[in-house]
Amino acid sequence: MATAPKLTGLARKLILDGLITEDTAVNAQQQAQKDNNSFIKQLVLANALSAQKIAVAASQEFGIPLIDLSVIDQETLPIDIVDHKLITKHQAIPLFKRGNRLYIGIADPANQIALEEIKFQTGTNTEAILCEIDKLDALIEKVLDSPASGMEDLMDDDLDDVEFSDEDDHNKEETDTSDVDDTPVVRFVNKVFLDAINKKASDLHFEPYEKRYRVRFRIDGILREVASPPLNMAPRITARIKVMSKMDTAERRVPQDGRIKMNISKSRSIDFRVNTCPTLFGEKIVLRILDSSSAQLGIDVLGYEEDQKQLYLDALANPYGMILVTGPTGSGKTVSLYTGLNILNTEDTNISTAEDPVEINLEGINQVNVNPKVGLTFSSALRAFLRQDPDIVMVGEIRDLETAEIAIKAAQTGHMVMSTLHTNDAPQTLARLINMGVPPFNIASAVNLIIAQRLGRRLCPECKTVDELPKEALLEEGFTEEDIAEGLTIYKPVGCEHCDGGNKGRVGIYQVMPISEAMGRVIMQNGNAMDLADQAAKEGIDDLRRSGLKKVKAGVMGLKELNRVTKD
């Protein structure tokens, strides 16, 4: 087959092997020059040829050995031998060292400049080993993106745009402008914070042990270790975070609470709620990421079924009454409440909230941090709100009879009241109020809607695959004969470059239970949680399990994940 004179080397090899056409090769070369990419990368980006086929052809053409990076243990890579700037610049990574010979993984066999520059920088003899470009890029990103990749490496990271605001002085943009901001510990902490935000973590854990120190992120509800800094850095990391949080750095015997405001850019800032706790080998620090943008996602993306969403919107449209949201810690209760508040937040509405602490900051809403040490409790804040001409009141949590009675009275006297309780499902919420000592007739007349919820990991749409289960197993899980007769297909996670182990993001599972007249009668007759659950089932209200099965049936969630979050 005739080829253009300029198509030599790998391009010519791919054409002669019938893997690509001459036009494809010419277009790829032209586009690669235009975008400052390599020819190989351009072929993969254009989906003209797989990275694996290109690597095999390049290995044959140039006589360079080929290695599968999926069998390489990341921990054994001599990553610190080579300047990380060179690794990023040339997309070349040191794989192993034998004597004075350093073997470098590259995807482009024509990239001899990389070998020469690494040879000059390290003083070793370099030798190329071919890798598939997609696996090579992923490995380099994973290695260099890790906070544990080396404290000294963080000095060169582009962290200069990050600022930390002092909430005690709104005219002050930075809390610490001294030369200490350039130390490795400071930049390490900054990078960990940025990584947590980029990975959409909800919590950060800094944990000291006898022989090691680790950092973990909670991502999509699951804790994962992301870094293991040197143990001798633990006191300095702890001190840095305590300084940022306005804590007493000399006090290590009792828990402390604080808050950090991180300005990522001129238009976006993230708050961290910080808590320290003295442990056997130092202070453990946990930070909760509070992102106000989560309340502005809109009700459509939270995972409500259409009928459930309408029930919530109908309850929000009522001028008075109580809406309760229940579920364990980390189940998304605050986001659900603030989504409703965001809908109600208009110029003609007076909204006040009492929280411990305020997690989401929304303009137009009067938010109060409760502080029991000075007598500012949920109940005292609620009493103050009722003297300030409120339309809507949100109480972070109903913990005691006094708060419950004031909230009930407010709901009965023309105010919309929203709050949370820690119970397992909607019927148990009503039973919990009765057990607190709230008279049943007050509950029946004041509560309009109860939402119980959980958060489950969403299946990655790119790699999910069919989960083959026998009919008996499906019936045992809770599916009906009608579900199976309709051609039920369920999926399970696999894992790919687009997700984390087959899951990507989270979705809510809800039980949305309006208090009907019949439900009110059950309450007035001192019905227990089982009686209320039976009445809810008669009214066609899906419990959490049934609501979750709908997510599984729709291919949004895997059955194993549903079992993890519902545990029925």
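Basis for what follows: all heavy atoms, side chains included, without hydrogens, waters or symmetry-related copies. None of the values given here were measured: they were computed from a predicted structure.
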Between Lys191 and Asp195 (salt bridge meaning N to carboxylate O under 4.0 Å), is one present in this structure? yes
- Message: salt bridge (Lys or Arg N to Asp or Glu O under 4.0 Å), that's the test. Do Arg457 and Asp220 meet it? Break it down for me.
- Response: CA-CA 6 Å; Arg457 290 178 292 173; Asp220 294 339; over 6 Å; no
On a heavy-atom basis, the closest approach of Val565 and Ile509 is CG2-CD1, 3.8 Å
Keeping Asp391 on the side-chain end and Asn350 on the backbone end, is there a donor-acceptor pair under 3.5 Å?
yes
*Test: Glu477 and Arg545 ion pair at under 4.0 Å*: yes
Notebook entry, point to check: Can you tell me if Thr276 uses its side chain to pair, donor with acceptor, with the backbone of Gln256 under 3.5 Å?
Noted result: yes
Are Ile323 and Ile450 packed together at the side-chain level, in the sense that at least one heavy-atom pair is separated by less than 4.5 angstrom? no
CZ (Arg252) and CE (Met247) are apart, to the nearest 0.5 Å, by 13.5 Å
Taken to the nearest 0.5 Å, the spacing of Ser379 OG from Glu402 CD works out to 3.5 Å
TODO: Ignoring hydrogens and angles, tell me if any N or O in the side chain of Gln453 forms a donor-acceptor pair with the backbone of Gln511 under 3.5 Å.
DONE: no
Next on the checklist: Determine whether a donor-acceptor pair (N or O, by modelled atom type, separation under 3.5 Å) exists between the side chain of Thr326 and the backbone of Leu421.
Outcome noted: yes
For Tyr213 and Pro208, the nearest pair of non-hydrogen atoms, with its separation, is CD1-CA, 3.5 Å
_Is it the case that the side chain of Asn342 and the backbone of Tyr338 share a donor-acceptor pair, with hydrogens and angles ignored and the cut-off at 3.5 Å?_
no
Between the CE atom in Met394 and the CD1 atom in Ile351, the distance rounded to the nearest 0.5 Å is 10.0 Å
Determine, stepwise, if the pair Leu302 / Val335 fulfils side-chain contact (heavy atoms from CB on, under 4.5 Å).
-> CA-CA 9 Å; Leu302 297 184; Val335 172; 4.0 Å; yes
Rounded to the nearest 0.5 Å, the CG atom of Leu324 sits from the CE atom of Met513 at a distance of 9.5 Å
- Query: For residues Gln310 and Glu306, is any side-chain donor paired with an opposing acceptor at under 3.5 Å?
  - Reply: no
Can you confirm whether Lys333 sits close enough to Leu455 that some side-chain heavy atom of one is under 4.5 Å from a side-chain heavy atom of the other?
no
### Query
Do Phe272 and Ile289 have side chains that get closer than 4.5 Å, going by heavy atoms?
yes
Tightest non-hydrogen contact, residues Pro390 and His415, listed as O-CD2, 3.1 Å
Q) Is the number of heavy atoms from other residues, nucleotides or ligands within 6.0 Å of NZ (Lys200) greater than 12? A) no
Practice problem: Would you confirm whether Thr403, through its side chain, and Arg399, through its main-chain N or O, come within 3.5 Å as a donor-acceptor pair? | Solution: no
Under 30°, 30 to 60°, or over 60°: which ring-plane class applies to Tyr304 and Tyr312, parallel, tilted or perpendicular? tilted
Do Glu225 and Arg216 sit within salt-bridge range, that is, some charged N less than 4.0 Å from a carboxylate O? no
| Is Asn528 close to Leu532 at the side-chain level, that is, under 4.5 Å between some pair of heavy atoms? | no
Nearest heavy-atom contact between Gly501 and Pro493 is O-CB, 3.7 Å
Practice problem: Would you check, one step at a time, whether the test side-chain contact (heavy atoms from CB on, under 4.5 Å) holds for Arg273 with Val358? | Solution: CA-CA 9 Å; Arg273 188 182 75 200; Val358 173; over 6 Å; no
Hey, is the main chain of Asn345 close enough, under 3.5 Å, to the side chain of Thr349 for a donor-acceptor pair? no
To the nearest 0.5 Å, atom CZ of Arg240 lies from atom OG1 of Thr249 at 12.5 Å
Residues Gly548 and Leu562: closest non-hydrogen pair is CA-CD1, 3.5 Å
Note to self: For Asn369 and Asp356: C-alpha separation, side-chain torsions, deciding distance, then whether side-chain contact (heavy atoms from CB on, under 4.5 Å) applies.
What the structure shows: CA-CA 6 Å; Asn369 268 322; Asp356 183 20; over 6 Å; no
Check your understanding: Any ion pair linking Lys551 and Glu305 (charged N to carboxylate O, less than 4.0 Å)?
Key -> yes
Q.
Between Arg288 (side chain only) and Leu204 (backbone N and O only), is there a donor and an acceptor less than 3.5 Å apart?
A. no
Inset, instruction - Verify side-chain contact (heavy atoms from CB on, under 4.5 Å) between Met436 and Glu405, making sure each step is shown before the conclusion. - result: CA-CA 10 Å; Met436 276 186 182; Glu405 287 179 335; over 6 Å; no
Item checked: Main-chain N/O of Val395 paired to Ser419 side chain as donor or acceptor, under 3.5 Å -> yes
### Query
Does the side chain of Leu287 come within less than 4.5 Å of Asp203's, by heavy atoms?
no
Met418 and Gly340 have their tightest heavy-atom pair at CE-CA, 4.5 Å
**Message:** Any carboxylate oxygen within less than 4.0 angstrom of a Lys/Arg side-chain nitrogen, looking at Lys242 and Glu283?
**Reply:** yes
Margin query: Between Asn442 (side chain only) and Pro439 (backbone N and O only), is there a donor and an acceptor less than 3.5 Å apart?
Written below: no
CD1 (Ile434) and CD1 (Ile443) are apart, to the nearest 0.5 Å, by 4.5 Å
* Below 4.5 Å, heavy atoms only, C-beta onward: do Pro514 and Asp314 meet side chain to side chain? -> no
Ser352 vs Gln388, side chain to side chain donor-acceptor pair (under 3.5 Å): CA-CA, chis, key distance, verdict:
CA-CA 9 Å; Ser352 296; Gln388 294 215 329; 5.3 Å; no
Next on the checklist: Quick one, Lys261 and Arg259 - any side-chain contact, counting heavy atoms below 4.5 Å?
Outcome noted: no
| query | Take atom OH in Tyr320; do more than 12 heavy atoms of anything else shown fall under 6.0 Å from it? | reply | no
Does a side-chain heavy-atom distance below 4.5 Å link Phe206 with Lys284? no
